[in-house]
Amino acid sequence: QVQLVESGGGLVQTGGSLRLSCAASKRTFGSRAMGWFRQTPGEEREFVAHITWSGGSTVYADYAKGRFTISRDNAKNTVYLQMSSLKPEDTAVYYCAAGRAFSGVSTTSDFIYWGQGTQVTVSS
């Protein structure tokens with residue numbers, strides 16, 4: 001079992017920044033692709049970004065490019081999402097997710113472990 005705990009959410013003004021953290025259980029953390037997703041009430045959960053288990057490549061949703069940065073620190077079993085230039089439409093619950101050990105990810109279904117989420121609210 002892989003346990004994921006998000007933190008760092010909160011209230012921020014438009015144009016501000018936040019850094020979300022996701023602490024994972026130690027077992028095979030360094031062997032799993034990690035991702036961030038977000039969901040707002042009444043909407044489907046949407047992809048934000050992911051990073052390969054090696055940390056060698058990252059993928060971002062179009063709306064996140066240039067504003068969000070995903071990174072990981074395998075020594076700390078933690079993945080981060082640095083968010084800048086935040087907009088009200090970024091308001092959502094942000095979820096951390098992990099893929100299968102030593103496997104790549106292509107779709108949401110490839111992420112099989114999920115955290116409980118952390119609320120991000122961007123004021124107008």
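For the pair Tyr80/Thr69, no side-chain contact is recorded, criterion being any heavy-atom separation below 4.5 Å from C-beta on. In this structure the side chain of Glu6 reaches within 4.5 angstrom of the side chain of Trp36, judged on heavy atoms. When side chains are defined from C-beta on, Ser17 counts as touching Gln82, because their heavy atoms get closer than 4.5 Å. Side-chain contact check for Met34 versus Arg72: some heavy-atom pair is nearer than 4.5 Å. Side-chain contact between Val79 and Ile70: present, with at least one pair of heavy atoms (C-beta onward) separated by less than 4.5 Å. The shortest side-chain heavy-atom distance between Asp90 and Phe68 falls under the 4.5 Å cut-off. Side-chain contact between Tyr113 and Arg32 is present, with heavy atoms from C-beta onward closer than 4.5 Å.
The side chain to side chain donor-acceptor pair (under 3.5 Å) pairs that include a residue from residues 40-49 are Arg38-Glu46, Gln39-Arg45, where partners are two or more places apart or lie in different chains. Screening residues 78-87 for salt bridge (charged side-chain N to carboxylate O under 4.0 Å, His left out), with sequence neighbours left out, gives no hits. Annotation: salt bridge (charged side-chain N to carboxylate O under 4.0 Å, His left out) contacts involving residues 47-65, sequence neighbours excluded, comprise Asp62-Lys65.
Heavy atoms from other residues, nucleotides or ligands lying under 6.0 Å from CD of Gln3 number 12 at most.
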Inset, instruction - Mind running side chain to side chain contact (heavy atoms under 4.5 Å, CB included) on Val12 and Met83 for me, showing each step along the way? - result: CA-CA 11 Å; Val12 64; Met83 303 185 292; over 6 Å; no
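Residues Ile112 and Ile51 share a hydrophobic cluster, clusters being chains of Ile/Leu/Val/Met/Phe/Trp/Tyr side chains in contact below 4.5 Å.
Residues satisfying the ring pair (Phe, Tyr, Trp, His ring centres under 6.0 Å) criterion with Phe37, sequence neighbours excluded, are Phe47, Phe111, Trp114. Partners of Asn77 according to the side chain to side chain donor-acceptor pair (under 3.5 Å) rule, which considers only residues two or more places apart in sequence or in another chain, do not exist here. Qualifying side-chain contact (heavy atoms from CB on, under 4.5 Å) partners for Thr14, counting only residues two or more places apart in sequence or in other chains: Pro88, Val122.
Side chain of Asp110 to main chain of Ser106: a donor-acceptor pair is present (N/O by atom type, distance under 3.5 Å, no hydrogens or angles). Without hydrogens or angle criteria, Thr91 side chain to Thr121 main chain gives no donor-acceptor distance under 3.5 Å. Between the side chain of Ser103 and the backbone N or O of Ala101 there is at least one donor-acceptor pair closer than 3.5 Å. Between the side chain of Ser31 and the backbone N or O of Phe29, no donor-acceptor pair lies under 3.5 Å.
Between Trp53 and Phe102, the gap from one ring centroid to the other is short of 6.0 Å.
One distance of note links CG of Leu81 with NE2 of His50; it measures 13.5 Å at 0.5 Å rounding. Atom SG of Cys96 and atom CD of Gln116 lie 11.5 Å apart (nearest 0.5 Å).
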